[in-house]
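The block underneath contains the structure these notes are about, expressed in structure tokens.
Throughout, residue positions are numbered sequentially from 1 according to the sequence presented. Computed from heavy atoms alone, side chains included, the values below leave out hydrogens, waters and symmetry copies. Remember, it's a predicted structure, so these values are computed and weren't measured experimentally.
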Amino acid sequence: MRSEQAACAQLPPVYSAPAGDAEFAARLDGLITAWESRHGHPLQYRSLVAALARNGQATSASYVSMLRRGRRRHPRPELIEALADFFGADAHWLRTGIHRGERRTDVSVVATVSHYPLRRLLLAAIDLSSPSLSMLTDLAERIRPGDTDLPTLRYTARLTDSS
């Protein structure tokens, strides 16, 4: 189990939308490759299907092969759970590419902001905790009334972290 988790940690991080076909296929392929490396022989899909069936997940060897190659879309959540259990991996990671508790931000969206000082502020705020974001918001709201270059915000909604 430990070596499988270590193998998962060595896989490159995948920044993707949940259950992206190609990304899911790459993660599944990485798990299978790690299993084969650890056991010294190829994983027979029949063996994997039999192990999944023992956990109550009926599937076929051809379906697993298609998932691995990215030819099938949207595997059932129960099947993802069973695959993760077989490989000793985190089902959330297998489904999304994001380890539990890990926060992802889209720096490419920040890069589209043309106002340089605002872009610097947004990049500095990436990955701040919710309490820190609240403090930053409060600070900005206190600074705003004294900044004569900024328009008033009478009709602007307050931006806060909703999580």
Side-chain heavy-atom pair Glu81, Arg95 within 4.5 angstrom cut-off:
yes
List the atom of Leu28, the atom of Leu94, and the distance in Å for their closest heavy-atom pair.
N-CD1, 4.1 Å
What is the distance from atom OG of Ser134 to atom CG of Leu139, rounded to the nearest 0.5 Å?
12.5 Å
Drop me the distance from Leu133's CG to Asp138's CG, to the nearest 0.5 angstrom.
11.0 Å
Least distance between heavy atoms, Glu36 atom then Leu43 atom
OE2-N, 3.0 Å
Are any non-hydrogen side-chain atoms of Tyr45 and Arg68 less than 4.5 angstrom apart?
yes
For Ala25 and Arg69, which heavy atoms make the closest approach, and how far apart are they?
CB-C, 4.1 Å
Heavy-atom closest pair (Tyr63 atom, His74 atom, distance to 0.1 Å) is OH-O, 4.3 Å
Thr33: which residues meet the side chain to side chain donor-acceptor pair (under 3.5 Å) condition with it, sequence neighbours left out?
none
Is Met66 reachable from Phe86 through a run of hydrophobic residues whose side-chain heavy atoms are each under 4.5 Å from the next?
no
Identify the heavy atoms of Val49 and Ala61 that sit nearest to each other, and give their distance.
CG2-N, 3.5 Å
Same cluster or not: Leu52 versus Ile32, using hydrophobic residues (I, L, V, M, F, W, Y) connected whenever any side-chain heavy atoms lie under 4.5 Å apart?
yes
Side chain proximity check, Leu48 to Thr59, heavy atoms < 4.5 angstrom
no
Taking only residues two or more places apart in sequence or in another chain, which ones pass side chain to side chain donor-acceptor pair (under 3.5 Å) with Arg142?
none
Other residues, nucleotides and ligands only: do more than 12 of their heavy atoms fall within 6.0 Å of CZ on Arg120?
no
Taking all atoms of both residues into account, what is the closest heavy-atom pair of Glu78 and Gln57, and its distance?
CB-NE2, 3.3 Å
Rounded to the nearest 0.5 Å, how far apart are NE2 of His39 and OG of Ser47?
10.5 Å
Taking the side chain as everything from C-beta on, heavy atoms only, tell me whether Trp93 gets closer than 4.5 Å to Arg27.
yes
